[in-house]
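For reference, the structure is listed below as structure tokens.
Both counts, for ligands and for their atoms, begin at 1 and track the order of listing. Bear in mind the structure is a predicted one, so any value in this text is a computation, not a measurement. Count residues from 1 along the sequence.
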Amino acid sequence: MAAEPVILDCDPGFDDAVAILLALACPEAIDLVAITTVAGNVGVAQTARNAGVVVALAGKTTPVHAGCPRPLVRAPHDAADIHGADGMAGAVLPAATRPAEAEHAVDFLRRRLRAAPPASITVCAVAPLTNLAAAVVQEPAVVRAVRRLVLMGGAIGLGNVTPAAEFNLFADPHAARVVFGAGWPIVMLPLELTHQAVTTPARLAAIAALDTAAARTVAQMIRGYPEAARARRGGVPLHDACAVAYLVWPELMSGRHVRVDIVTEGEAAGRTLVDWHHPGDAALPLVLERIDADGFFARLIEALGRLRG
Ligand code: RIB
Ligand code: CA
């Protein structure tokens, strides 16, 4: 079967970096058309720089487009306290081999999707949804070209920024409202799923034991993750890599098609109201709840071992 064309929208961010590496390590399943970045974990210039560095680390030349520098409505809110001021948990990284493209990410999304056949490109979004919302508002027809939107974000229960909201949707709830209402098929990976995929000491040791620059960098970033955040979960949750893993190994995960509404105002802004107990038809978002974490890490570690940058 031919590899699936994918555009990855991200905000590197340590777990975004692992997501990029995993996508580049699986060319048999993912044809990574381009990476678009947005302000999120750190500012958009830094997320674009970090994406370029990770692409170089993998020895690839995937184009990177920098996108929106701030949310649609709310003031910017970053996660530098978790990902570090540089967004890469202080890891020592190579220089990017190519600068970000001159074309803005939203212009790229509109141009690339406008030209694509119906349902021909998958978008994987692992950041605040500002770029995607801007593209949909400016050119609603882009939805037609998207086979599916696989996104890491939201929570069925507790958030991770406030009790109500997970970071990607907290950062830009208005963009999330636009994206969830756009009409494209959505697969949502909430915190309940990604918190099952944590780098325990044994998994970290297996990654560190790999003899590749990419794996060494991932191990370095895991070790650079704030100790308090690691202790809370027994390891570092690889939120964004789970979204890419779904593209390659969907059999590792399961969920239900349920209604998802987004709270955009007030104390609960960014909350996803997931009607978990009333599954519906396939037109509703597929909200994933379970992952085979051992199976995920076995495949991730094998993939990282293949990346010879
Ligand atoms: O809540 C987790 C999400 O927020 C991940 O995408 C992580 O990179 C941060 O952006
Ligand atoms: Ca992210």
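Val106 meets the side-chain contact (heavy atoms from CB on, under 4.5 Å) test with Cys68, His104, Arg110, Asn131, Ala134, Ala135, Gln138; sequence neighbours excluded.
A salt bridge does not link Arg271 to Glu166: none of the charged side-chain nitrogens sits closer than 4.0 Å to a carboxylate oxygen. Ion pair Glu4/Arg148 flagged as a salt bridge, since at least one NZ, NE, NH1 or NH2 atom sits closer than 4.0 Å to an Asp/Glu carboxylate oxygen. Under a 4.0 Å N-O distance rule, the pair Glu192/Arg290 does not qualify as a salt bridge.
Pairs of residues two or more places apart, or lying in two chains, that qualify as side-chain hydrogen bond (donor to acceptor under 3.5 Å, both in side chains) and include a residue from residues 66-85 are Asn41-His83.
By the criterion of a heavy-atom distance under 4.0 Å, the side chain of Asn160, and not its backbone, is placed next to ligand 1. With a 4.0 Å heavy-atom cut-off, ligand 1 is reached by no atom of Val161.
Looking at Gln220 and Arg223, their side chains never bring a donor and an acceptor atom within 3.5 Å of each other. With hydrogens and angles left out, the side-chain atoms of Thr47 and Asp11 include no donor and acceptor closer than 3.5 Å.
Residue contact check: Asp240 has heavy atoms under 4.0 Å from atoms 5 (C), 6 (O), 7 (C), 8 (O) of ligand 1. Applying the 4.0 Å criterion to heavy atoms of Val126 picks out, from ligand 1, the atoms 6 (O). Residue Phe167 approaches ligand 1 through these ligand atoms, each under 4.0 Å from one of its heavy atoms: 1 (O), 4 (O), 9 (C), 10 (O). Atoms of ligand 1 lying under 4.0 Å from at least one heavy atom of Asp16, given by number and element, are 8 (O). For ligand 1, the atoms sitting less than 4.0 Å from at least one non-hydrogen atom of His239 are 2 (C), numbered in the order shown with element in parentheses.
Considering only non-hydrogen protein atoms, atom 8 (O) of ligand 1 sits nearest to Asp15 OD1, 2.7 Å. Closest to atom 1 (O) of ligand 1 among all protein heavy atoms lies Glu166 OE2, 2.6 Å. The protein heavy atom nearest to atom 9 (C) of ligand 1 is Asn41 OD1, 3.2 Å.
Of the candidates Val64, Val244, Asp240, Ile20, Cys10 forms a side-chain contact (heavy atoms from CB on, under 4.5 Å) with just one, namely Ile20.
For the Ca ion (ligand 2), protein N, O or S atoms closer than 3.0 Å were enumerated as Asp11 OD1, Asp16 OD1, Asp16 OD2, Val126 O, Asp240 OD2, with waters left out.
Between the CG atom in Leu149 and the CE atom in Met188 there is a gap of 11.5 Å [rounded to 0.5 Å].
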Show me, pair by pair, the donor-acceptor contacts under 3.5 angstrom made by side chains of residues 173-181, not counting sequence neighbours?
from: His174; atom 1: NE2; to: Glu265; atom 2: OE2; distance (Å): 2.8
from: Arg177; atom 1: NE; to: Ile262; atom 2: O; distance (Å): 3.3
from: Arg177; atom 1: NH2; to: Ile262; atom 2: O; distance (Å): 2.9

